[in-house]
2 protein chains.
Amino acid sequence: MADRGRPRSFDRERALAAAMLLFWRRGYSATSVAELCQAMGIGSPSLYAAFGSKEALYAEALTLYGERFGPRIWSGFDAGPTARAAIRSLLLDSAGTLAEGACGCMVTLANIGEPAACQAQALLAGMRAAILEKVTSRLAAAQAEGELPATVDVAALGRFYLGVQQGMSVQARDGATQPALAAMAEVAMAAWPGP
Amino acid sequence: MADRGRPRSFDRERALAAAMLLFWRRGYSATSVAELCQAMGIGSPSLYAAFGSKEALYAEALTLYGERFGPRIWSGFDAGPTARAAIRSLLLDSAGTLAEGACGCMVTLANIGEPAACQAQALLAGMRAAILEKVTSRLAAAQAEGELPATVDVAALGRFYLGVQQGMSVQARDGATQPALAAMAEVAMAAWPGP
DNA sequence: GTCTTTCTGTGGTGTTCGATACAGAAATCC
DNA sequence: GGATTTCTGTATCGAACACCACAGAAAGAC
């Protein structure tokens, strides 16, 4: 916003990434500003000057998470030539990505506890709804194109495959390995509506 | 422990149930002792005399949750004549139970944030591990009895069906209705290894 | 150099956190 | 009845919470 004055002594993106990791592992309520400051390597006034509040920082961390890990999970889905291939990519890419940090998907597992944090809660609800919509609309398109029979309930199929991906998050947080999650994904593909 | 002295003026079970509901909806970190006291209708000294600490109260609430809702989800599973019927009962009963409170399974979604609460964390990890073991061992028995082909990876199949149930928790918390969750369950049953 | 602007570090704001000391109240035991 | 035991309500405890005032430091503008 301004190029005059004393320059910031820390890398804003790097600090935000550190905050994201902490929020991801611990959750919103259980992460204190003092812990954030330590992980980010800055004082609290710098944190508030750069990000505004704990909740605003969380919202930015959530957005960064989406930008950084979203493509790893969704690029294969978007590029899939068929809906079946897209879903398969989604699940297998999720298996690889989720097992890495061993804490599951930050968006799926986030559980802010009502009190304040209303803005972040709305952001989370929006992200989750968008994901369900993304999967379901891909399936609906496949049905329109004839890849899926007209008798298939695409809403239920979408909820199902998204549910498998969410279950992978829960199990990744509990220590499931990448091969175990990938095997889950293979089983899930057996539910694809046959011809 | 003693039948002498001034009797407790509140119903311990009822107070514990109120605490469970609050922990369930808000999570451990986001629920304060003051809120618990208000919901339970008692003062904090009574809470500490009756339950010991916030963490011990959480552990008791978790156990009560298991006793109260466990049978609603697992009795059909246990009574199922075949593994397939057991899994189907598990998913359909989960659809009914999870959609009720609109906050998913307390055990599946619980996310304590490392700091203290080590005892409760261990309890949770144990409950989750026991659930996976329960599902997997039922499938292994089915395989031994010939219900499932020897080529089936029962570990993967168990993780898959448990994952679907966990995904149902996530979506229930996001407002999915009972019919929507039941439809998910039906789709999941299509993945059952065919003959 | 001097001025202006912006950031950093110290220290502290009031509040709320989880957890208690203490005195009085309510029961049983003798 | 009195003695003993246990619970309840008030009124906190120190610590940690999210957050910020303020003075000094570090940059560009002139």
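So you know, we letter chains A, B, ... as the sequences are listed, proteins then strands, and number each from 1.
Whole-Å rounding puts the A:Phe10 CZ to C:dG9 C1' distance at 13 Å. Remark: P of D:dC19 and CD of A:Glu55 are 9 Å apart, rounded to the nearest angstrom. Between A:Gln38 atom CD and D:dC17 atom P there is a gap of 11 Å when expressed in whole angstrom units. If you take CZ of A:Arg12 and C1' of C:dT8, they are 17 Å apart, rounded to a whole angstrom. For A:Leu47 and C:dC7, the CG to C1' distance is 14 Å, given to the nearest whole Å. Going from atom CZ of A:Arg8 over to atom P of C:dT5 covers 18 Å, rounded to whole Å. Going from atom CG of B:Leu36 over to atom P of C:dT16 covers 17 Å, rounded to whole Å. Rounded to whole Å, atom P of C:dC7 lies 15 Å from atom CG of A:Asp11.
With sequence neighbours left out, the salt bridge (charged side-chain N to carboxylate O under 4.0 Å, His left out) criterion links B:Arg6 to no other residue. The salt bridge (charged side-chain N to carboxylate O under 4.0 Å, His left out) search around A:Arg173 returns none, not counting sequence neighbours.
The salt bridge (charged side-chain N to carboxylate O under 4.0 Å, His left out) test with A:Asp78 singles out one residue from A:Arg72, A:Lys134, A:Arg138, and that residue is A:Lys134.
The stretch residues 88-108 of chain A participates, sequence neighbours left out, in no ring-ring contact (aromatic ring centres under 6.0 Å, His included) pair at all. For residues 139-159 of chain B, the set of pairs meeting the side-chain hydrogen bond (donor to acceptor under 3.5 Å, both in side chains) definition, not counting sequence neighbours, comprises A:Gln171-B:Arg159. Listed by first and then second residue, the ring-ring contact (aromatic ring centres under 6.0 Å, His included) pairs involving residues 75-98 of chain A are A:Trp74-A:Phe77 (not counting sequence neighbours).
Distances shorter than 4.0 Å separate none of the side-chain N or O atoms of B:Ser9 from OP1 or OP2 on D:dC7. Distances shown here put a side-chain N or O of A:Tyr48 below 4.0 Å from the OP1 or OP2 atom of D:dC19. The shortest distance between the side-chain N/O atoms of A:Ser32 and the OP1/OP2 oxygens of D:dC17 is below 4.0 Å.
You'll find the ring centres of A:Trp24 and A:Tyr58 outside the 6.0 Å limit.
Between B:Gly43 and A:Ser44, it is B:Gly43 whose nearest contact on DNA chain D lies nearer the 5' terminus.
Not a single donor-acceptor pair, N or O on each side, falls under 3.5 Å between the base of D:dC19 and the side chain of A:Ser53.
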- 5' to 3', nucleotides 21-30 of chain D under a 4.0 Å protein heavy-atom cut-off (B base, S sugar-phosphate only, - none) gives B--BBBBSS-
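At the heavy-atom level, A:Phe51 lies nowhere under 4.0 Å from the strands shown.
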